[in-house]
Amino acid sequence: MGTFIGHVYPGLFLISYGLCQAIVVSKAMIFKDSLLDPSCHPRNKTRWARLWKISYGGLLKMLAGSILIAYEISCIKGGLILMNRELPPRFMYPKEWQHLTMFILFTLNGCVDVMSKNLLPQRCVVLEKGTLVLTFYVLLLLLMSHVQDSTGIELQIHYLLIVVVFLLMLVLTIGLWTPDTFHLLLIETFLFLTMGSWLIQGGFILYRPVTGYPWQDDDISDIMFITIFFCWHVMINALCLLGIYGISSFGHHCYRPSLKLMESKEAPHHKGTTRPLYKLLREVEQSEKDDQAPLLSKSSP
């Protein structure tokens, strides 16, 4: 992960996951649907129900985690060994092993999501959320030790990343007790997007600066602009969430008239089924009146 690609690929994965979750949360908010068991449209129940229930987020985690694990192992010439053969033996490649631990945890989290949603007889939301929370607890610990030998620009970038991971860990922990809350899912999605976009920005700052000249660790203005860029990422991601919700809401309002038209076409069929029953009731009432008429005539003087 200590390369340009090592920062950009995880960032792209987090952004993709955040965008998918943003669409799901926007749909649930618009239709006032459940976040844990979202329902599909009645017209699509027979055709798309199985596809809708697939854990796409879990599959994305598994795919991205497996690719990143293979990439991290391939970056080390001679293989990623744990200890050398010298005396006394020493641990080798500590940062690479930290990256590998992160990617393995995300892959396992994706496996748990797929197992819970598609393989178990009943979905276990606590297992999914608990695994994700555990992943970010470990991620925070790894990041805290990851910056021990960092200075200047790199240290500032990782400090801001640690802030995002810490907030995400808090939100996920609270979500264990309130998993079906729109506000928490919205904040979680926003933090995923911010984490992903900031990782990509960090890759460009550290390894491929736009100006072609490296950032200076001893220049206070460069360190200040790191925080300014982070604030811009916060605003852009918030606008991105707002835009996704606005597009989803606009699409829903445009789709609603066609839905009403479809329901109005189906209405005559329902009327046709109730009409004979109504006639039958009227015939029964009329026969009862006819039966009561002779009795009234006999009882009258």
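All residue numbers refer to positions in the sequence shown, counting from 1.
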Student: Using the test ring pair (Phe, Tyr, Trp, His ring centres under 6.0 Å), find all partners of F106 that sit at least two apart in sequence or belong to another chain.
Tutor: F136
Student: For residues 198-206, tabulate all N or O donor-acceptor pairs below 3.5 Å that involve a side-chain atom, not counting sequence neighbours.
Tutor:
unit_1: W198; atom_1: NE1; unit_2: I157; atom_2: O; d: 3.1
unit_1: Q201; atom_1: OE1; unit_2: H233; atom_2: NE2; d: 3.0

Student: Compile the donor-acceptor pairs under 3.5 Å between side chains in residues 163-179 and protein atoms, sequence neighbours left out, one pair per line.
Tutor:
unit_1: T173; atom_1: OG1; unit_2: Y137; atom_2: OH; d: 3.4
unit_1: T173; atom_1: OG1; unit_2: M169; atom_2: O; d: 2.7
unit_1: T178; atom_1: OG1; unit_2: I174; atom_2: O; d: 3.4

Student: Under the side chain to side chain contact (heavy atoms under 4.5 Å, CB included) test, which residues partner F91, sequence neighbours left out?
Tutor: L82, M83
Student: Once side chain to side chain contact (heavy atoms under 4.5 Å, CB included) is applied, do any residues pair with C240, and if so which ones, sequence neighbours excluded?
Tutor: L19, I244
Student: The criterion is side chain to side chain donor-acceptor pair (under 3.5 Å); which residues satisfy it with T189, sequence neighbours excluded?
Tutor: Q21
Student: Are more than 12 heavy atoms, taken from residues, nucleotides or ligands other than F13, located less than 6.0 Å from that residue's CZ atom?
Tutor: yes
Student: List the residues meeting salt bridge (Lys or Arg N to Asp or Glu O under 4.0 Å) with E128, not counting sequence neighbours, and say none if there are none.
Tutor: R123
Student: Run through the side-chain heavy atoms of Ile, Leu, Val, Met, Phe, Trp and Tyr, join any pair under 4.5 Å, and report what else lands in M115's cluster.
Tutor: V112, L119, L120, L127
Student: Using distance only, find each side-chain donor-acceptor pair of residues 140-147 under 3.5 Å and give its atom names and separation, not counting sequence neighbours.
Tutor:
unit_1: S145; atom_1: OG; unit_2: Q98; atom_2: NE2; d: 2.8
unit_1: S145; atom_1: OG; unit_2: L142; atom_2: O; d: 3.1
unit_1: H146; atom_1: ND1; unit_2: Q98; atom_2: OE1; d: 2.6
unit_1: H146; atom_1: NE2; unit_2: H99; atom_2: NE2; d: 3.4

Student: Please tabulate, for the side chains in residues 220-232, all donor-acceptor contacts under 3.5 angstrom to protein atoms that are two or more places apart in sequence or on a different chain.
Tutor:
unit_1: S221; atom_1: OG; unit_2: D219; atom_2: OD1; d: 2.7
unit_1: S221; atom_1: OG; unit_2: D219; atom_2: OD2; d: 3.2
unit_1: D222; atom_1: OD2; unit_2: Q216; atom_2: N; d: 3.0
unit_1: T227; atom_1: OG1; unit_2: Q156; atom_2: NE2; d: 3.0

Student: Using the test side chain to side chain contact (heavy atoms under 4.5 Å, CB included), find all partners of P209 that sit at least two apart in sequence or belong to another chain.
Tutor: T211, W215
Student: Applying side chain to side chain donor-acceptor pair (under 3.5 Å), name anything that partners D113, two or more places apart in sequence or on another chain.
Tutor: K61
